Colleague: 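Pasting a structure here, questions to come.
Please read all numbers here as calculations on a predicted model, not as lab measurements. A note on names: the letters A, B, ... follow the listed sequences, proteins ahead of strands, and every chain is numbered from 1.
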Amino acid sequence: MSLEPNHPLDAFIDGELSAAEMARIALVLKDDPALAMEVAELRAMGDRLRETPLSLPVLNAEANWLRNWQISRDRSVRRLAGWMTAAAAAILGITLSTALTRSAQAQPQLADWETAAVAGLDEDDTPRAARLIAVDLSLPVTSEGVR
Amino acid sequence: MSEWTDAQLMAGVARGDAHAMRELLRQHGNYLFGVARTLTNSPADAEDAVQETLTALLTAKFRGDSSLRTFLVSIVVRQAALIRRKKRPMMRLADDSDRPQKGDSQSATDARIDLAALLEKLSPEHREVLVLRELQGQGYEEMARTLGVPRGTIESRLHRAREALRQLWK
């Protein structure tokens with residue numbers, strides 16, 4: 001039994017294989033000392049990486065980080081306040097505009113006879129005026145006039 | 001022992017609480033710098049990566065499905081990548097050891113090999129996967145999410161990273 005030539009041992013070392021696959025590879029390693037040595041080397045590499053100390057920052061790094069973070073924090077609060085003020089102004093503007101528009105639309109429509117009265121009628125237009133009034137008052141109108 | 005849980009720390013930081021940030025830095029600041037240093041070209045870039053990470057915490061959402069340290073490392077890895085993309089690669093500065101560092105002693109500086117030095121000859125992508133896998137113990141799926149690449153890419157990068165390291169250490 002052997003591994004495929006390009007089968008990565010990394011997944012085996014990292015525990016990223018199914019239980020069945022892990023067991024299969026473990027069996028292969030038992031019979032393949034060279035491959036087992038490779039696995040051991042890779043594990044040792046990981047151990048060495050974990051044991052190597054990390055770089056340390058300069059002495060005043062933490063104070064700098066904290067101070068700059070506070071500056072960013074305060075800037076974002078001011079920016080948020082600015083946006084909220086602008087949003088409130090926009091809402092107020094839209095609300096006022098809507099209210100004015102509705103107010104204009106709500107003005108009562110003049111009846112035709114009222115328009116005619118304002119515009120003025122000719123002397124011969126008396127029957128017309130009567131018809132307009134009758135229509136407005138929902139009175140029956142015939143060809144001969146208002147009943 | 002800290003009185004803050006991970007969730008409390010993050011909630012405090014998100015609120016802008018300086019005490020919470022001070023505690024977060026006490027617990028994780030050095031570690032974040034160390035990780036950032038392995039992934040950037042200079043200590044100054046590493047400091048910037050940590051700074052950008054802390055700023056990001058003002059709006060980041062910590063769901064608690066990983067430890068806070070894992071969450072922070074994921075952000076610092078991305079910030080380090082952004083900084084690398086913005087800047088041209090630099091020669092490793094000789095004055096790295098000129099600035100006073102925490103824990104310095106004569107014997108330590110004589111033979112000081114830190115992880116950044118160990119990994120500096122590797123590509124940034126190889127360093128990223130080694131840091132996430134070997135230091136953070138992240139699984140392949142989590143690494144894929146952190147780096148924004150498919151799982152298959154993680155597997156092949158990790159394999160090549162280990163090969164490259166083996167060649168360096170021979």
Colleague: If we define contacts as heavy-atom pairs under 4.5 Å, which of Leu135(B), Val50(B), Thr55(B) has the most with chain A?
Modeller: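 Most heavy-atom pairs within the cutoff with chain A belong to Val50(B).
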Colleague: How many angstroms lie between CD in Glu128(B) and CG in Leu39(B), if you round to the nearest 0.5 Å?
Modeller: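 Here the rounded value is 6.0 Å.
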Colleague: More than 12 non-hydrogen atoms from neighbouring residues, nucleotides or ligands closer than 6.0 Å to CE on Met22(A), yes or no?
Modeller: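 Enclosed.
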Colleague: Does a salt bridge link Glu52(B) with Arg78(B), judged by any charged N lying under 4.0 Å from a carboxylate O?
Modeller: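 Salt bridge flag = no for Arg78(B) with Glu52(B).
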Colleague: Considering only heavy atoms and a distance below 4.5 Å, find which of Thr52(A), Asp74(A), Asn64(A) pairs most often with chain B.
Modeller: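 When all of Thr52(A), Asp74(A), Asn64(A) are compared, Thr52(A) has the most.
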Colleague: Any chain of hydrophobic side-chain contacts (each under 4.5 Å) joining Ile83(B) to Val77(B)?
Modeller: no
Colleague: Taking atom types as modelled, find out whether Gln51(B) and Glu47(B) have a side-chain donor-acceptor pair closer than 3.5 angstrom.
Modeller: no
Colleague: For the interface with chain A, which of Leu58(B), Leu119(B), Leu158(B), Leu165(B) has the highest count of heavy-atom pairs at distances below 4.5 Å?
Modeller: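 Ranked by contacts with chain A, first place is Leu58(B).
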Colleague: Answer with side chain, backbone, both or neither: which region of Leu54(B) has an atom nearer than 4.5 Å to a non-hydrogen atom of chain A?
Modeller: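 Leu54(B) touches chain A through backbone and side-chain heavy atoms alike.
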Colleague: Ion pair present between Glu163(B) and Arg160(B), side-chain N to carboxylate O less than 4.0 angstrom?
Modeller: no
Colleague: Between Asp14(A) and Arg162(B), is there a side-chain N and carboxylate O pair less than 4.0 Å apart?
Modeller: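 Yes.
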Colleague: Report which part of Arg151(B) has an atom under 4.5 Å of a heavy atom belonging to chain A: side chain, backbone, both, or neither.
Modeller: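 Side chain only.
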Colleague: Using heavy-atom distances under 4.5 Å, tell me whether Glu51(A) contacts chain B through its side chain, its backbone, both, or neither.
Modeller: neither
Colleague: Select one option (side chain, backbone, both, neither) describing which atoms of Leu49(A) are under 4.5 Å from chain B's heavy atoms.
Modeller: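 Its backbone and side chain both get close to chain B.
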Colleague: Whether Arg78(A) engages the ring of Trp83(A) as a cation-pi pair (distance to the six-membered ring centre under 6.0 angstrom, angle to the ring normal within 45°) should be assessed.
Modeller: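 No.
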Colleague: Taking side chain as everything from C-beta outward and backbone as N, CA, C, O, which of these in Asp48(B) sits under 4.5 Å from a heavy atom of chain A? Side chain, backbone, both or neither.
Modeller: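 It is neither, since no heavy atom gets under 4.5 Å.
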Colleague: Sort out for me which of Met45(A), Arg50(A), Glu41(A) touches chain B most, counting heavy-atom pairs under 4.5 Å.
Modeller: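 Among Met45(A), Arg50(A), Glu41(A), the one with the most close pairs to chain B is Met45(A).
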Colleague: Quick one: what part of Gln70(A) sits under 4.5 Å from any heavy atom of chain B, side chain, backbone, both or neither?
Modeller: side chain
Colleague: Of the backbone (N, CA, C, O) and the side chain (C-beta and beyond), which part of Val13(B) lies under 4.5 Å from a heavy atom of chain A, both, or neither?
Modeller: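 Both parts, backbone and side chain.
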